[in-house]
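Both backbone and side-chain heavy atoms feed into the values below; hydrogens, waters and symmetry mates do not. Note that the structure is a prediction, hence the values are computed from the model and not measured.
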Amino acid sequence: MALSSGSPVRNRLRPIVIAVVVVIAAAAGYWLIAARDGAGKGHAAAAPSAPPVTVSPPLQQEIVEWDEYTGQFAAVDYVELRARVSGYLQEIHFEDGQLVKKGDLLFLIDPRPYEIALASAKAQVDQANAAIEYTNRELARAAELRQKDFVAQSTYDQRLQQMRNAAASLETGKAAVRDAELNLEFCHITAPIGGRISRHEVSLGNLVSGGNSGATTLLTTIVSVDPVYFNFDMSEADFLGYQRAVAQGKLMSTRDDPVPVQAHLVDETTWTLKGRLDFVDNQVDRSAGTIRARAVFANPKLFITPGQFGRIRVPGSEPYQAMLVPDAALVTDQSRKLLMTVTDDGTVVPKVVRPGPTYQGLRIIRDGIAPTDRIVINGLLRARPGGKVTPQAGKIEPDKTAG
């Protein structure tokens, strides 16, 4: 059955239809507004803020550049004790490895044969003195008789020759006494220098061969212990660099002035030894391309033993104001070294620099940046050339324990 326009049923359905339409329209409007807000938030997420990095100006500090070398400590004095006379070893007056003073008695070779030789030489002197007395009397009598022409001139000349022979024999005897005394003295072997003695190479009762030539017996060795030398080799290029710096007045001459140096032993990390450079050789080793240099260090506690290895550093410059940055802040671009800097508006600007050696854990920058530049020292991966960053203030601190 069809409903007319004025039907009571149709009139009752009309308010319901209108309400449904209003609800649908409201839901559609809400959905459109939510979709628009979501799109706006998506655009905002697509444009993030600039990443943070830590920046700092380069550390400015007065420094001295050092060049480091490996070398070996050596005794200032080294003596091989050898016998100067032959004989049987009778006494040893030291303990192996002890410290000795100059003049200490160390060995005694049986002196009895040399005491006999000395007594014999003295007897020869007495004999020569007696011969002189006799020839002098003979010469005096011949001179007196010659004046009266009672003896021939040849007889007088003969007496004169006998007197001179006797005088020469006396001088020979005196020389023999001095030689015997010297040989007897050589039986007492004393320390020619003070220092630490090695072990004895010959035991008591053994025959010792001595003399001024040929194979002589080595008894022991002595090395001085305070002060000590430190020998090291530097390359020809380093030596030439020092020469250039001296010629330009940037360094003291290593030959004419006591250049201060520092050293440490192989198990140390700090430069505990203070000394001076006292010798540079007179020629470059053609086979190695190096030149030998030497420093001297005090060793009052006798802690350093000759022969030990160590490290030495020599000043490569006079004190000057340097700019220092962490090694981690340097970026390698093929053969160039770069530092990332940040401008006032947050733009990253790379700068090509010329780095030098390290000093207290930081890298010396010789050229390429200004003291006011802000260097990226942390967050380097977030710093892209030309990009924007948010700089945060940091500070460069040196490592005082590093060289």
Do any N or O atoms from the side chain of [X] and from the backbone of [Y] form a donor-acceptor pair under 3.5 angstrom?
{"X": "T390", "Y": "A50", "result": "yes"}
{"X": "S224", "Y": "D77", "result": "yes"}
{"X": "D238", "Y": "Y242", "result": "no"}
{"X": "E201", "Y": "T220", "result": "no"}
{"X": "T217", "Y": "S209", "result": "yes"}
{"X": "D226", "Y": "N299", "result": "yes"}
{"X": "D179", "Y": "A175", "result": "no"}
{"X": "T341", "Y": "I375", "result": "no"}
{"X": "R84", "Y": "F186", "result": "no"}

Side chains of [X] and [Y]: closer than 4.5 Å at any heavy-atom pair?
{"X": "R311", "Y": "V266", "answer": "no"}
{"X": "P385", "Y": "M340", "answer": "yes"}
{"X": "V314", "Y": "W66", "answer": "no"}
{"X": "I222", "Y": "L106", "answer": "yes"}
{"X": "E236", "Y": "I291", "answer": "no"}
{"X": "L273", "Y": "F230", "answer": "no"}
{"X": "V177", "Y": "L118", "answer": "yes"}
{"X": "K388", "Y": "D345", "answer": "yes"}

Please indicate whether [X] has more than 12 foreign heavy atoms, meaning atoms of other residues, nucleotides or ligands, lying under 6.0 Å from its [atom1].
{"X": "D344", "atom1": "CG", "value": "no"}
{"X": "E95", "atom1": "CD", "value": "no"}
{"X": "R366", "atom1": "CZ", "value": "yes"}
{"X": "Q127", "atom1": "CD", "value": "no"}
{"X": "K274", "atom1": "NZ", "value": "yes"}

Rounded distance [0.5 Å steps], [atom1] in [X] versus [atom2] in [Y]:
{"X": "I364", "Y": "D367", "atom1": "CD1", "atom2": "CG", "value": "14.0 Å"}
{"X": "L204", "Y": "Y88", "atom1": "CG", "atom2": "OH", "value": "14.0 Å"}
{"X": "I63", "Y": "Y320", "atom1": "CD1", "atom2": "OH", "value": "4.0 Å"}
{"X": "L89", "Y": "L108", "atom1": "CG", "atom2": "CG", "value": "8.0 Å"}
{"X": "Q262", "Y": "E68", "atom1": "CD", "atom2": "CD", "value": "10.0 Å"}
{"X": "I304", "Y": "F297", "atom1": "CD1", "atom2": "CZ", "value": "7.5 Å"}

Self-check item: Residue pair V280, F239: steps toward the side chain to side chain contact (heavy atoms under 4.5 Å, CB included) verdict
Solution: CA-CA 10 Å; V280 177; F239 179 62; 3.9 Å; yes

Nearest heavy-atom neighbours spanning [X] and [Y]:
{"X": "A83", "Y": "L219", "result": "N-CD1, 4.1 Å"}
{"X": "P58", "Y": "P371", "result": "CD-O, 3.7 Å"}
{"X": "M323", "Y": "Q60", "result": "CG-CG, 4.2 Å"}
{"X": "N206", "Y": "S203", "result": "ND2-O, 3.0 Å"}
{"X": "L339", "Y": "A329", "result": "CD2-O, 3.3 Å"}
{"X": "A121", "Y": "A180", "result": "CB-CB, 4.4 Å"}

Practice problem: Run the numbers on H188 and L105 for side chain to side chain contact (heavy atoms under 4.5 Å, CB included), then give the verdict. | Solution: CA-CA 7 Å; H188 300 75; L105 178 62; 3.9 Å; yes

Quiz item: Only one of N183, V208, L184, L207 forms a side-chain contact (heavy atoms from CB on, under 4.5 Å) with I109, so which one is it?
Solution: V208

Quiz item: Please walk me through it: do D333 and R336 pass salt bridge (Lys or Arg N to Asp or Glu O under 4.0 Å)?
Solution: CA-CA 5 Å; D333 180 19; R336 303 184 304 172; 2.7 Å; yes

Practice problem: Apply side chain to side chain contact (heavy atoms under 4.5 Å, CB included) to I365 and R363, showing your working. | Solution: CA-CA 6 Å; I365 302 300; R363 180 67 61 176; 4.2 Å; yes

Quiz item: Which residue pairs pass the side-chain hydrogen bond (donor to acceptor under 3.5 Å, both in side chains) test when at least one of the two sits in residues 374-384, sequence neighbours left out?
Solution: none

Quiz item: side-chain hydrogen bond (donor to acceptor under 3.5 Å, both in side chains): which pairs involve residues 114-126, sequence neighbours left out?
Solution: none

Quiz item: Is the Y69 ring parallel, tilted or perpendicular to the F232 ring (thresholds 30°, 60°)?
Solution: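 If you compare the ring of Y69 with that of F232, the planes turn out parallel.
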
Exercise. Give the intermediate values and the outcome of side chain to side chain contact (heavy atoms under 4.5 Å, CB included) for residues V325 and I377.
Key: CA-CA 8 Å; V325 300; I377 59 175; 6.0 Å; no

